[in-house]
Structures are given as C-alpha cells and as structure tokens.
Participant: 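Pasting a structure here, questions to come.
All ligand and atom numbering here is 1-based and tracks the order in the structure.
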Amino acid sequence: MPGIVVVGAQWGDEGKGKAVDQLGDRVDYTVRYSGGNNAGHTLVVGGEKYALHLLPSGILNNSVPVIGNGVVVDLGVLFEEIEGLNARGVDTSKLLVSANAHIIAPYHQVIDKVTERFLGKRRIGTTGRGIGPAYSDKVNRLGIRVQDLFDESILRQKVEAALEQKNQLLVKIYNRAAINPKDVADKLLSFADRLRPLVADTAQVLNDALDQGAVVLFEGAQAHHLDVDHGTYPYVTSSNPIAAGACIGSGVGPRRIDRAIGIAKAYTTRVGEGPFPTELLDADGERLRADGGEFGTTTGRPRRCGWFDALVVRRAAVVNDFTDIFLTKLDVLTGWEKIPVCVAYEVNGERTDRIPMSQSDFHHAKPVYEYLDGWSEDISGARAFGDLPKTTQAYVRRLEELVGTRISGIGVGPDRAESVVIHDLL
Ligand code: GDP
Ligand code: IMO
Ligand code: MG
C-alpha cells in the first residue's frame, strides 16, 4: 500500500502531526503538499516536544521528508526550523524541497497583516504568515519559485514585477512605506547556497519511489473545512488541504493514493474567524480549552472549542473519500457525565443532517445534540479498544456510525506511544 494521505477532518489542529509521526519507520517518504508555516504540528516523542511548521512530521522518523510543489516556503522559517532540530540532534540531511514550490517573500507578510487590518470586522483571522498573498501571487503568475533563486537576473526581475503593483497599493491605499525590490532580492539570494543542495524535481523523485514500492505518506496541513474550495469560504486558508490536493501539491496521479485517513478530534476546535455551529462560549468551552491545552501551536491564540460535530466530519469523509478515521484527544473528554454530540442542525426551523449548501444557512445552523454517557476513568494507558471503559467504547462506536467511516485509531495522549490501534493504518 504505497500512497497514503492524512487530512484534517475539521478546522485544523486535529493532531495530524502525531498521527503521521506514529506511522513511524514503516514510511519511506513524508510529503507536505499544501500550506506553509501557517501549520503547527506538535509531536511528543518520549516526553520531548517538537513543534513543526514547515517540515514534514516524518523528519523525526527515518523517512525522507519532502516539501512538495504545493507548499509556500518561507526560507527564513525553513532554515530556522532545520537549525532548531539539528541543535536537538535530529538529522535533517535527507530533506528535499521542490524546485517548483513558491516562496513567501517578506512583502507577503506585510500584505497579509495590512489587509487583515483593513478588513476590520470582516477579517479572516489569518496566521499573519503571508500565506494568502503568496498563493495569490502564484495564481496571478507573479510568484517567485524556489528555482528562481538560482538565476539572479530572473529573480531580480520577478521581485520587481511582483512589487510594482504592491508598492502602489501599500503607499496609496494602505498608507505604508514602499518596499525596496533590491533589499528583497538580496535577502532571498542570501539563502541560495544553503538551499541548493536540498532542491529536487520532487514529483519525479516521488513517482520513481512509488514505482519501486516505497511507502509515501502525504501529510496534510490545515483541514477540509479550511480548504479554499470546500471549506467555509471566505474563512479558509488559500490552498487545497483536502486529499485531492496531495496530487496537485506533489505531482502524483490520483491512482497513486490508496488510502485517505481523516484525523478528527473527539470534540471540535477552530482558530480564527468563521462559522462553528457547536462552539461553546461558556464555562464548558473554557473547560475543554483548559483540559485539551487548546492554544495555537503557531500563533498561541486560544482555540475556539465545542462539541463533536458529526456533520462536519461526515462531509469531510465524503469529499475526501476517507478509508479510515484516526480519532484524537479522546482522553481530553474524560470526566464529563454526559457528552453532547451534534447529529443534525436546525436551519430556519428545519432539521437537516447535512452541511447546508448555502454559507448563510451554515452561519445560522443550530446544533441538535444527542447526549452520550461519559466516563471518569483515566484512559491514557489504553492500547487496545478493549482497554477502554464501556461508555468510551460506545462513544467511539456512535461517532463511527454517524460519520460513516471506520475509526481505525484513537489518540489517548499527546505522546507517540499513547494510542489505541484498532486497524493498522499501513
Ligand atoms: P495538527 O496541527 O493537526 O498537527 O495538531 P496540533 O499539533 O496543532 O494540535 C494538536 C495538539 O494535541 C498537540 O499539542 C498534540 O501534542 C496534542 N495531541 C495530539 N493527539 C493527542 C491525543 O490523543 N491526546 C492529547 N491529550 N493530546 C493530543
Ligand atoms: P494545522 O496544520 C488551524 C486558519 C487561520 C485562519 C485561516 C486562514 O496546524 O492544522 P492563513 O494564515 O492560512 O491565511 O489563515 O486558517 N489556519 C489554521 N487553523 N490549524 C492550522 O494548521 C491552520 N492554518 C491556517 O487561523 O482562520
Ligand atoms: Mg496545528
């Protein structure tokens, strides 16, 4: 089974990093295919905590980490992350970066922040990392690619072209200082020598590896409902985190992907703005946030918290054709007498068990809850499904039924070892 994709089934921070890391040494390549350093994937290995933003989580295993063409790369962050890991004894020498990946230039961050401020109440709540502006330039054919760093004259021309309009906007609309193209080009060129040995035709590398039977794991960042096409637009990121995005963002055909694993938290969280029907704005939400440590890995923002929404995860299961679900953070729900699970919405007085087609209806959706029995036992030591209390098992089985996809693994703690395996994910 060579091609496996891991995708967030909610609004991000489901525990994708841990799930990917857990597949461990049996994976030959781990590929990031979308997003950039807006992601924050936390891994805990033997009590040691690692927060990765740009590097694939497979960097902590023996696999070859790959940054695919669909990723937007902030070179400063890339080398900072590499140095940070090297200082902790992690070998990053096998890392490959696609020659076609786009660069996040310093002006993208400036524009990200200034447009958010300009949007005011209508802001997206972005991570401020320049993700949207970098993808806009890519689609607008004004982007800078990794390979451009190795042709100085082309790079300088492209930076000038990219800044021509932006400087007009910055000065005349946003009342900001213009950005000097020479400074930007010099800064980008300063990374060229360090970058050169990592750069490869990663689409070819991955197809060759798959031909030889290698196991390639595509590590999703963000999540289904943050997808620019399938998420809660405009409250989304600017890329395609869904399973299909793995093909575009790495250069492999759809038949290469044999398995799509959805990562779903046992409750729901969201960072930034946008609709969230099961959000809890009361003490229960505070309790979930405290118990789950729900503060962003990237920005430190408190995550919005709410109950599990079966419609949200079911929709992701449909569009991504999930073969399996890995349910994370089930341990966080320990200690509730009853656990509400959203099984339907009421929209304009009518009950529906599907995500409404219209975003306006989604904004008005009221959750209809089913109340499942909780448990009080510490479940972090469970390693087999049978180790879980009966009511915990019933909670898992009910979610499985509601989502319509088998739950193959369960996270019962942040550490690599703290999981229950029901069906092998490889
Ligand atoms: P990602 O962006 O999807 O990789 O998720 P994040 O790393 O942003 O957020 C998930 C957080 O939950 C991290 O702090 C993980 O260490 C932690 N985590 C992952 N799985 C589990 C689990 O099963 N139980 C608990 N308690 N924490 C978990
Ligand atoms: P991981 O991979 C949670 C959210 C931001 C904002 C919106 C757009 O750790 O799950 P952007 O900076 O991408 O333009 O912001 O998307 N967002 C995430 N939320 N987890 C993430 O990544 C996210 N990446 C982006 O909060 O609402
Ligand atoms: Mg995260």
Participant: How is the N/O/S atom of Asp13 that comes nearest to the Mg ion (ligand 3) named?
Facilitator: OD1
Participant: Are Arg88 and Tyr50 in a cation-pi setup, meaning NZ or CZ lies under 6.0 angstrom from the ring centre and within 45 degrees of the ring axis?
Facilitator: yes
Participant: Nearest protein heavy atom to atom 26 (N) of ligand 1, by residue and atom, and its distance?
Facilitator: Asp331 OD2, 2.7 Å
Participant: Which residue holds the protein heavy atom closest to atom 13 (O) of ligand 2, what is that atom called, and what is the gap in Å?
Facilitator: Thr237 OG1, 2.6 Å
Participant: Provide, to 0.1 Å, the distance between atom 15 (O) of ligand 2 and the closest protein heavy atom, together with that atom's residue and name.
Facilitator: Thr126 CA, 3.4 Å
Participant: If you measure every N/O of Thr42 against every N/O of ligand 1, is any gap under 3.5 Å?
Facilitator: yes
Participant: Do Leu330 and ligand 1 have an N or O pair less than 3.5 Å apart?
Facilitator: no
Participant: Working to the nearest 0.5 Å, report the span between CG of Leu288 and NZ of Lys265.
Facilitator: 10.0 Å
Participant: Have a look at Lys329, Gln222, Arg416 and point out the one with the heavy atom closest to atom 11 (C) of ligand 1.
Facilitator: Lys329
Participant: Between Glu14 and ligand 2, is there a nitrogen or oxygen pair with a distance under 3.5 Å?
Facilitator: no
Participant: Which of the atoms of ligand 2 are close to Lys16, meaning less than 4.0 Å from one of its heavy atoms?
Facilitator: 1 (P), 2 (O), 10 (O)
Participant: Of the backbone atoms (N, CA, C, O) and the side-chain heavy atoms from C-beta on, which set of Arg129 has a member under 4.0 Å from an atom of ligand 2: side chain, backbone, both, or neither?
Facilitator: neither
Participant: Val420 and side chain to side chain contact (heavy atoms under 4.5 Å, CB included): which partner among Ile407, Ile410, Val396?
Facilitator: Ile410
Participant: Report, in ascending order of atom number, the atoms of ligand 2 lying under 4.0 Å from any heavy atom of Trp11.
Facilitator: 3 (C), 19 (N)
Participant: For Ala39, take its heavy atoms, then give the atoms of ligand 2 lying under 4.0 Å from any of them.
Facilitator: 1 (P), 2 (O), 9 (O), 22 (O)
Participant: Taking only non-hydrogen atoms of Gly40, do any sit less than 4.0 angstrom from ligand 1?
Facilitator: yes
Participant: Trp336 ring centre to Arg287 NZ or CZ under 6.0 Å, with the angle to the axis within 45°?
Facilitator: yes
Participant: Show me which atoms of ligand 2 lie under 4.0 Å from any heavy atom of Arg301.
Facilitator: 5 (C), 26 (O)
Participant: If hydrogens are left out, which of Lys16, Glu294, Lys49 has an atom nearest to atom 1 (P) of ligand 1, that is, the closest non-hydrogen atom?
Facilitator: Lys16
Participant: Measure from the side-chain N and O atoms of Arg270 to the backbone N and O of Pro275, and report whether any donor-acceptor pair falls under 3.5 Å.
Facilitator: yes
Participant: Measure the distances from the heavy atoms of Gly413 to every atom of ligand 1 and state whether one is below 4.0 angstrom.
Facilitator: yes
Participant: For atom 10 (C) of ligand 1, what is the nearest protein heavy atom, given as residue, atom name and distance?
Facilitator: Asp13 O, 3.7 Å
Participant: Show the atoms of ligand 2 that are less than 4.0 angstrom away from any heavy atom in Ala221.
Facilitator: 2 (O)
Participant: Does Tyr235 come within less than 4.0 Å of ligand 2, judged by its heavy atoms?
Facilitator: no
Participant: Is the number of heavy atoms from other residues, nucleotides or ligands under 6.0 Å of Lys338 NZ greater than 12?
Facilitator: yes
Participant: Would you check whether Gly17 has a nitrogen or oxygen atom less than 3.5 angstrom from a nitrogen or oxygen atom of ligand 1?
Facilitator: yes
Participant: Using modelled atom types and a 3.5 Å cut-off, is there a donor and acceptor pairing between side-chain atoms of Asp415 and backbone atoms of Glu418?
Facilitator: no
Participant: Atom OG1 in Thr392, atom CD in Glu377: separation rounded to 0.5 Å?
Facilitator: 6.5 Å
Participant: Between Glu116 and Gly125 (side chain of the first, backbone of the second, donor and acceptor by atom type, cut-off under 3.5 Å), is there such a pair?
Facilitator: yes
Participant: Is Gly296 close enough to the Mg ion (ligand 3) to have an N, O or S atom under 2.8 Å?
Facilitator: no
Participant: Going by the side chain to side chain contact (heavy atoms under 4.5 Å, CB included) test, name the single residue among Ile261, Val7, Val31 that passes it with Phe218.
Facilitator: Val31
Participant: Any N or O on Glu273 sitting closer than 3.5 Å to an N or O of ligand 2?
Facilitator: no
Participant: On a heavy-atom basis, I'd like to know which of Lys265, Glu219, Lys18 is closest to atom 19 (C) of ligand 1.
Facilitator: Lys18
Participant: Tell me the nearest of Asp13, Asn37, Val236 to atom 8 (C) of ligand 2, using heavy-atom distances.
Facilitator: Val236
Participant: Check whether any side-chain N or O of Glu346 sits under 3.5 Å from a backbone N or O of Ala365 as a donor-acceptor pair, and report yes or no.
Facilitator: no
Participant: Below 3.5 angstrom, do we get any N/O pair linking Val332 and ligand 1?
Facilitator: no
Participant: Using heavy-atom distances, let me know which of Thr298, Thr42, Leu226, Val271 sits nearest atom 17 (N) of ligand 2.
Facilitator: Leu226
Participant: Distance under 4.0 Å to a non-hydrogen atom of Gly125: what atoms of ligand 2 satisfy this?
Facilitator: 5 (C), 6 (C), 26 (O), 27 (O)
Participant: Numbering the atoms of ligand 2 from 1, which are under 4.0 Å from a heavy atom of Gly12?
Facilitator: 3 (C), 10 (O), 20 (N)
Participant: Do any N/O atoms on Gln222 end up under 3.5 angstrom from N/O atoms on ligand 2?
Facilitator: yes
Participant: Any atom of ligand 1 sitting under 4.0 Å from a heavy atom of Arg303?
Facilitator: yes
Participant: Identify which one of Val403, Ile355, Thr278 satisfies the side chain to side chain contact (heavy atoms under 4.5 Å, CB included) criterion when paired with Leu311.
Facilitator: Ile355
Participant: Quick one: does Gly40 get a heavy atom under 4.0 Å from ligand 2?
Facilitator: yes
Participant: Is it true that atom CG of Asn175 has more than 12 heavy atoms of other residues, nucleotides or ligands lying nearer than 6.0 Å?
Facilitator: no
